[in-house]
Amino acid sequence: MDRRELLKNACGLGVCGCALSVVDAPEALAATTAQAPDQRLAFARHQVATMVAFMAAGSAAPACAEILENTGRECSKLGGLSTRFKGDPEGYFATARKNWGTEFSWDKERGVVTVAVAEGECSCPLVDNQRTSPFFCNCSVGYQKQSFESVFGRPVQAVLKSSKLDGSKRCVFEVTLS
């Protein structure tokens with residue numbers, strides 16, 4: 001796997017880094033997950049988990065959370081799904097629901113979208129599901145912000161309500177339109 005392919009798969013994962021690739025068809029991703037794991041990837045997951053634990057500790061944690069959030073924003077841009085649905089949130093919801101089982105509820109009066117990622121392990125290829133701290137989910141918060149800002153054409157706030165890395169069955173986000 002070359003760097004571009006890794007970034008495409010890692011950053012195109014969309015909705016929390018917990019959804020499937022927004023660039024490849026679900027069948028293609030399923031075929032790649034059946035292969036024997038590359039030991040280099042296992043090592044990279046271990047190193048990412050260790051790095052995230054260091055980032056979450058101490059006074060630098062807020063700055064590190066911002067870095068992870070900005071990284072998630074870049075993943076959203078790389079995947080490009082949300083830009084295809086600018087001004088069409090229902091189309092964005094329908095595509096993510098069909099392709100990856102992500103559920104959305106939209107309270108239009110309050111301007112709040114709840115995003116519930118499909119059950120199962122975190123599908124971000126950089127995550128070691130047993131070792132990676134939920135602090136890493138700041139990346140997915142950034143992904144949500146960038147995606148919904150692209151879809152709605154205005155700033156949003158995103159909050160992680162539950163995380164697979166914290167023991168929940170699903171990652172759930174609350175996105176508030178400004």
Side-chain angles (χ1 to χ4, degrees), residues 1 5-35 37 41-42 45 48-49 52 68-69 71-85 88-108 112-152 156-177:
M1 175 181 299
E5 185 178 342
L6 174 66
L7 287 173
K8 179 176 144 185
N9 287 334
C11 297
L13 292 172
V15 193
C16 171
C18 298
L20 299 177
S21 174
V22 296
V23 184
D24 293 329
E27 300 81 22
L29 185 60
T32 63
T33 58
Q35 298 173 0
L41 183 56
R45 287 177 179 153
V48 167
V52 169
L68 286 169
E69 187 175 302
T71 302
R73 284 180 171 276
E74 292 302 312
C75 287
S76 174
K77 291 175 189 176
L78 183 64
L81 179 68
S82 59
T83 57
R84 290 192 346 228
F85 292 98
D88 182 15
E90 296 293 347
Y92 180 73
F93 302 160
T95 299
R97 187 177 297 115
K98 177 183 173 204
N99 290 341
W100 311 292
T102 305
E103 291 298 324
F104 299 87
S105 63
W106 184 11
D107 183 336
K108 291 180 184 179
V112 175
V113 178
T114 302
V115 181
V117 176
E119 291 185 23
E121 290 190 346
C122 177
S123 63
C124 176
L126 299 176
V127 168
D128 177 326
N129 287 287
Q130 285 72 48
R131 205 178 260 131
T132 305
S133 164
F135 186 78
F136 190 68
C137 298
N138 283 293
C139 182
S140 298
V141 170
Y143 187 98
Q144 295 298 329
K145 284 182 179 181
Q146 184 66 43
S147 295
F148 282 96
E149 286 174 0
S150 293
V151 169
F152 286 102
V156 304
Q157 293 300 315
V159 177
L160 178 66
K161 295 299 206 173
S162 64
S163 166
K164 294 176 184 183
L165 296 181
D166 210 13
S168 295
K169 288 185 177 186
R170 300 176 136 212
C171 292
V172 177
F173 298 87
E174 186 174 271
V175 179
T176 305
L177 308 176

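From a predicted model like this one, the values you see are computed outputs, not experimental measurements.
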Colleague: To the nearest 0.5 Å, what is the distance between OG1 (Thr176) and CZ (Phe148)?
Modeller: 11.0 Å
Colleague: Determine yes or no for a side-chain-to-main-chain donor-acceptor pair under 3.5 angstrom, with Lys164 supplying the side chain and Gly120 the backbone.
Modeller: yes
Colleague: Quick check: do Gln146 and Lys77 have side-chain heavy atoms less than 4.5 Å from each other?
Modeller: yes
Colleague: Show your reasoning for whether side-chain contact (heavy atoms from CB on, under 4.5 Å) applies to Glu121 and Gln130.
Modeller: CA-CA 10 Å; Glu121 290 190 346; Gln130 285 72 48; 4.1 Å; yes
Colleague: Can you give me the closest heavy-atom contact between Pro134 and Leu165, atom names plus distance?
Modeller: CG-O, 3.5 Å
Colleague: Side chains of Ser123 and Trp100: does their closest heavy-atom pair fall under 4.5 Å?
Modeller: no
Colleague: Please determine whether side-chain contact (heavy atoms from CB on, under 4.5 Å) holds for the pair Val175 and Val112, giving the CA-CA distance in whole Å, both sets of side-chain angles, and the decisive distance to 0.1 Å.
Modeller: CA-CA 6 Å; Val175 179; Val112 175; over 6 Å; no
Colleague: Does Glu149 use its side chain to pair, donor to acceptor, with the backbone of Val156 at less than 3.5 Å?
Modeller: yes
Colleague: Provide the closest heavy-atom pair for Pro125 versus Leu41 in the form atom of the first, atom of the second, distance.
Modeller: O-CD1, 3.6 Å
Colleague: Restricting to non-hydrogen atoms, name the atom on Val127 and the atom on Cys122 that form the minimum distance, rounded to 0.1 Å.
Modeller: CG2-SG, 3.8 Å
Colleague: Could you state the interatomic distance from CG (Leu160) to SG (Cys139), rounded to the nearest 0.5 Å?
Modeller: 11.5 Å
Colleague: What heavy-atom pair brings Pro89 and Val151 nearest, and what distance separates the two atoms?
Modeller: CA-CG1, 3.6 Å
Colleague: Can you name the nearest heavy-atom pair linking Ala158 to Gln144, along with the distance?
Modeller: CB-CB, 4.0 Å
Colleague: Go through it in stages, so that I can follow the logic: the residues are Thr114 and Val172, the test is side-chain contact (heavy atoms from CB on, under 4.5 Å), and I'd like the CA-CA distance, side-chain angles, deciding distance and then a yes or no.
Modeller: CA-CA 7 Å; Thr114 302; Val172 177; 3.8 Å; yes
Colleague: Taking Ser82 for its side chain and Tyr92 for its backbone only, find out whether a donor-acceptor pair lies under 3.5 Å.
Modeller: no
Colleague: Please tell me if the side chains of Val115 and Thr102 come closer than 4.5 Å, counting only heavy atoms from C-beta onward.
Modeller: yes
Colleague: What closest approach, in Å, do Ser76 and Tyr143 show between heavy atoms, and which atom pair accounts for it?
Modeller: CA-CE1, 3.2 Å
Colleague: What verdict does the side-chain contact (heavy atoms from CB on, under 4.5 Å) test give for Leu177 and Trp106, after you've listed the backbone C-alpha separation in whole Å, the side-chain angles of each residue and the deciding distance to 0.1 Å?
Modeller: CA-CA 11 Å; Leu177 308 176; Trp106 184 11; 4.3 Å; yes
Colleague: I need the Cys171 SG to Lys161 NZ distance, nearest 0.5 Å.
Modeller: 14.0 Å
Colleague: What's the separation between atom OG in Ser150 and atom CZ in Arg84, rounded to the nearest 0.5 Å?
Modeller: 12.5 Å
Colleague: Measure the CZ-NZ distance between Phe173 and Lys145 for me, rounded to the nearest 0.5 Å.
Modeller: 11.5 Å
Colleague: Between CD of Glu174 and OG of Ser105, what distance do you get to the nearest 0.5 Å?
Modeller: 9.0 Å
